[in-house]
Amino acid sequence: MSTPTTLFDKVWRAHEIHRGESGQSLLWIDRHFVHEGSFHAFNKLAERELPVARPDLTFGIADHYVPTLARRLDGVADPKVRSMIEQLSSNTKRHDITLFGLDDPRQGIVHVMGPEQGLTQPGLIMVCGDSHTATHGAFGSIAFGIGASEVAHVLATQTLWQSRPKVMRITLEGTLAPGVTAKDIALTWISRLGADGARGYAIEYAGEAIRALSMEARLTLCNLSIEGGGRCGMIAPDQTTFEYLKGRPYSPKGEAFEQACAYWSTLYSDQGATFDLDVTINAADIAPTVTWGVSPEEALPIDQHVPVPDDATDLAKARQIRASLDYMGLKAGQKLTDIAIDRVFIGSCTNARIEDLRAAAAILNGRKSRVPGVVSPGSTQVKAQAEAEGLDRIFVDAGLEWRHSGCSMCVGMNGDTVPSGERCASTTNRNFKGRQGPGARTHLMSPAMVAAAAVSGHLADIRTLSLASAQSPRSEGAPSCSR
Amino acid sequence: MQPITVLDTQGVALAAANVDTDQLIPARFMKEPRSVGYGQFLLYDVRHDAKGTPDPAFILHRSGANDAEVMVSRRNFGAGSSREAAVYALVDFGFRCVIAPSFGDIFASNAVNNGMLPAVVEEEDAERLLAALGDEPAPIRVDLEAQRIRVAEVEVSFSVSPVWRTKLLNGWDDIDLTRQHADTITRFAADYAQTFPWAAPRPQAFDLIGKG
Ligand code: SF4
């Protein structure tokens with residue numbers, strides 16, 4: 001290869017079927033996940049009497065509307081919620097699509113289940129009618145969320161028209177301080193660049209601090225790319241990636257794995273490849289971070305104060321801060337650690353993997369939560385693993401509810417919501433107005449920080465709560481890709 | 001889809017930044033079939049109080065708002081969730097164009113796929129349009145061919161990707177367009193399967209055989 005190429009372009013080019021005169025590319029799609037919300041797309045297909053082009057590359061997952069109190073459909077009180085889950089079953093059945101349904105032991109939130117089952121692999125293009133599809137880019141794939149019309153298009157053709165986004169690189173130099181996690185990296189860059197700071201860009205995360213992240217932590221980081229407006233987020237695959245993939249149900253096996261691994265090892269940005277934008281952040285400067293407002297960009301290190309509108313540099317900013325403080329019921333200039341909370345939620349595709357649950361449990365172990373709260377594991381497998389490790393006991397003994405897996409209180413579609421006016425410390429991804437329920441007030445933070453808030457009754461600095469480190473351990477081990 | 005050339009219509013100002021798709025349509029309404037009409041859900045929690053009583057002062061409840069086809073707002077409009085229902089809510093209410101300094105990526109493609117124009121203007125121009133519209137629905141003209149917007153004395157230009165402009169001007173649909181490339185796709189898929197034989201997932205039963 002003569003010209004140095006970015007990771008993004010390597011993957012993009014391998015999937016370009018055709019480039020239109022207008023510059024849009026028709027791309028081949030390797031994986032398409034559909035969930036309950038995809039009924040609009042299936043209806044569009046039915047209207048045109050079109051079949052699903054590649055059912056073998058399409059996977060159905062029940063996650064957005066599933067109940068977390070029980071795994072039974074007849075226990076779902078709201079007939080409309082039940083019908084959402086049933087429609088997914090009938091649509092996938094009609095089109096011969098593999099379904100990870102409500103009672104499947106592999107069920108989980110799509111962005112947790114995909115990697116867990118080995119469906120997510122380096123070098124693929126993956127789509128789903130869900131904006132957090134960016135998560136899968138942690139393996140070095142191009143993964144992004146699409147709308148219902150595009151879902152219908154992929155179902156009908158296994159392709160998608162896309163304009164090539166610009167590519168930016170966010171480099172994290174140095175090492176993270178103890179107690180600082182991938183969630184804090186994400187909230188930090190989003191607060192610096194803005195919730196639309198990466199709009200129009202594909203993001204590649206690079207640098208020493210990224211290499212040191214576990215697979216779980218990388219998934220958290222890529223998951224939040226969309227909250228900064230990014231089209232997708234990617235990390236070049238390495239030994240951490242290959243080790244994670246080996247032996248997963250849908251990973252290539254034996255010789256095919258070696259073959260795949262040889263290719264995957266070529267997926268990185270070449271020395272000298274040019275990026276449309278380069279951002280460098282010193283990992284040591286990142287502190288445990290929480291959001292105080294109603295956009296993920298409204299985030300600050302936990303030892304700071306709520307902003308004062310009149311101190312803002314311009315009128316628009318001041319107006320935005322005032323509106324956010326008003327919705328959140330906060331006082332300008334108030335210390336973040338003085339904000340009392342009403343409940344906690346540990347869950348979602350952002351932060352409900354096994355490491356996340358371990359980090360939260362490490363803080364809660366032997367302590368009591370001062371507020372009620374729900375823990376919903378990212379997948380049924382994560383739930384089983386956590387129970388095998390006794391983490392469920394820790395949560396229950398601390399006074400929290402241990403539930404089944406689903407999107408739950410991240411979006412409240414299944415009925416798990418935060419009551420109006422209540423304040424929730426949450427491991428999720430969106431602090432938008434009403435996201436966790438009408439009138440709900442959400443503060444985003446890492447699982448360990450949510451646990452720290454739970455035992456304190458107010459937002460708290462994990463670093464002042466001694467005990468176990470909240471950092472995700474990096475998986476070490478022998479390289480599994482022999483080359 | 002109905003093509004857009006010139007919209008000579010009523011416009012409304014929604015003077016807020018970061019109007020995300022969760023606000024445009026709260027998740028709890030997304031279980032409904034499209035046939036109920038999603039316009040009633042548009043900005044529901046913003047324009048109703050906790051009891052569901054409409055706020056008469058809100059722009060969408062002013063007289064003439066039902067005829068509005070254009071909305072002007074601030075930066076980062078439609079950020080967040082990929083829910084196309086946010087576009088359905090706007091379209092079913094009657095909107096055919098949203099004007100803002102920036103849009104969430106997925107929202108903008110969803111808009112175009114439903115025949116609604118996401119027109120990008122400079123931040124100052126958005127402020128001028130907002131000021132010119134004021135608190136009531138007011139006449140606005142959006143010319144897609146010329147890429148110009150006019151409200152009273154204020155006239156500004158807007159940008160839109162050329163591909164989207166062509167699609168909207170013609171009312172084209174992607175699926176029809178793509179099916180013209182069916183042969184190319186089939187050829188590509190065959191080559192691709194040869195080059196990347198591991199990329200297509202095998203059924204799990206295969207795994208049991210594969211494990212040695
Ligand atoms: S957990 Fe939340 S963000 Fe993730 S897929 Fe579900 S609704 Fe979307």
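Letters A, B, ... are given to chains in the order of the sequence lines, protein chains preceding strands, and every chain is numbered from 1.
- For A:His132, no part lies near chain B; criterion is any non-hydrogen pair under 4.5 Å.
- Enclosure of atom CD in B:Glu124 by more than 12 non-hydrogen atoms of other residues, nucleotides or ligands within 6.0 angstrom is indicated.
- For A:Leu50, the part sitting under 4.5 Å from any heavy atom of chain B is the side chain, from C-beta outward, and nothing else.
- Electrostatic pairing of B:Arg75 and A:Glu297 counts as a salt bridge here, judged by a charged N lying under 4.0 Å from a carboxylate O.
- Here the OG1-NE2 distance, from B:Thr178 to A:His18, works out to 9.5 Å after rounding to the nearest 0.5 Å.
- A salt bridge links B:Asp173 with A:Arg48: the closest approach of a Lys/Arg side-chain nitrogen to an acidic carboxylate oxygen falls below 4.0 angstrom.
- For chain B, no part of A:Phe144 is nearby; none of its heavy atoms comes within less than 4.5 Å.
- The environment of CD in B:Gln40 is crowded: more than 12 heavy-atom neighbours from other residues, nucleotides or ligands sit within 6.0 Å.
- Neither the backbone nor the side chain of A:Ala316 comes within contact range of chain B, judged by heavy atoms closer than 4.5 Å.
- By number of non-hydrogen pairs under 4.5 angstrom with chain A, the leading residue of B:Arg28, B:His181, B:Met30 is B:His181.
- Looking only at side-chain heavy atoms (C-beta outward), A:Ser149 and B:Asn110 stay at 4.5 Å or farther from each other.
- Using a 4.5 Å cut-off between heavy atoms, B:Ala50 does not touch chain A at all.
- Comparing A:Gly37, A:Gly23, A:Ala260 by how many heavy-atom pairs each has under 4.5 Å with chain B, the most go to A:Ala260.
- For the pair A:Val411 and B:Arg83, the minimum side-chain heavy-atom distance is below 4.5 Å.
- With a 4.5 Å cut-off on side-chain heavy atoms, B:Asn18 and A:Glu298 do not count as touching.
- Of the inter-residue distances, the one linking B:Gln23 atom CD with A:Lys433 atom NZ reads 5.0 Å to the nearest 0.5 angstrom.
- Shown here for B:Ala27 and A:Tyr65, the closest heavy-atom pair between the two residues is O-OH, 4.2 Å.
- Expressed to the nearest 0.5 Å, how far CZ of A:Arg199 lies from CG of B:Asn76 amounts to 7.0 Å.
- Dense packing is recorded around CD of A:Gln259, with more than 12 heavy atoms of other residues, nucleotides or ligands lying under 6.0 Å away.
- In this structure, A:Phe59 and B:Pro201 have side chains that are in contact, with non-hydrogen atoms separated by less than 4.5 Å.
- The side-chain heavy atoms of B:Phe196 and A:His15, taken from C-beta on, include no pair separated by under 4.5 Å.
- Counting heavy-atom neighbours within 6.0 Å of B:Asp135 CG, excluding the residue itself, gives a total of 12 or less.
- Closest heavy-atom contact between B:Phe188 and A:Ala14: CZ-O, 3.4 Å.
- Proximity of B:Asp22 to A:Arg430: side-chain heavy atoms (C-beta onward) are separated by under 4.5 Å at one or more points.
- Contact tally against chain A (heavy-atom pairs below 4.5 Å) for B:Asp45, B:Thr195, B:Thr184, B:Ile185: the top residue is B:Ile185.
- In terms of heavy-atom pairs under 4.5 angstrom with chain B, the leader among A:Ile226, A:Asn429, A:Ile146 is A:Ile146.
- Looking only at heavy-atom pairs under 4.5 Å with chain B, the residue among A:Lys44, A:His64, A:Gln87, A:His40 that has the most is A:His40.
- Between A:Trp161 atom CH2 and B:Asn113 atom CG the span is 13.0 Å, to the nearest 0.5 Å.
- A:Thr157 touches chain B through backbone and side chain together, each having a heavy atom under 4.5 Å away.
- You'll find the side chain of A:Gln24 stays beyond 4.5 Å of the side chain of B:Lys167, heavy atoms only.
- In this structure, no portion of B:Pro26 lies under 4.5 Å from any heavy atom of chain A.
- Across B:Ala85, B:Ser81, B:Pro162, the residue that shares the most heavy-atom pairs under 4.5 angstrom with chain A is B:Ser81.
- Considering all non-hydrogen atoms of both residues, B:Ser102 and A:Asp196 come closest at OG-OD2, 3.4 Å.
- To the nearest 0.5 Å, atoms NZ (B:Lys31) and CZ (A:Phe39) are separated by 10.0 Å.
- For the set A:Glu36, A:Glu150, A:Glu227, the entry with the most heavy-atom pairs within less than 4.5 Å of chain B is A:Glu150.
- Of the listed residues (A:Thr133, A:Val294, A:Val81), the one with the most heavy-atom contacts under 4.5 Å to chain B is A:Val81.
- Of the atoms belonging to B:Asp174, heavy atoms from both backbone and side chain fall under 4.5 Å from chain A.
- The contact between B:Arg179 and chain A is made entirely by side chain atoms (from C-beta outward), counting heavy-atom distances below 4.5 Å.
- Proximity to chain B is limited to the side chain of A:Gln121, based on heavy atoms less than 4.5 angstrom apart.
- Interface residue B:Phe103: only backbone heavy atoms are found under 4.5 Å from chain A.
- Both the backbone and the side chain of A:His153 come within less than 4.5 Å of a heavy atom of chain B.
- A:Asp30 and B:Ala199 make their closest contact through OD1-CB, 4.1 Å (heavy atoms, listed as atom of the first residue, atom of the second, distance).
- Taking the charged nitrogens against the carboxylate oxygens, B:Glu32 and A:Lys80 do have a contact shorter than 4.0 Å, which makes a salt bridge.
- Residues B:Ala189 and A:Trp28 come closest through the heavy atom pair CB-CH2, 3.7 Å.
- No side-chain heavy atom of A:Gln162 sits less than 4.5 Å from a side-chain heavy atom of B:Ser109.
- Note that CG of A:Asn43 and CZ of B:Arg34 are 11.0 Å apart. Values are rounded to the nearest 0.5 Å.
- Contact detail for B:Tyr88 and A:Ala148: the closest heavy-atom pair is OH-CB, 3.4 Å.
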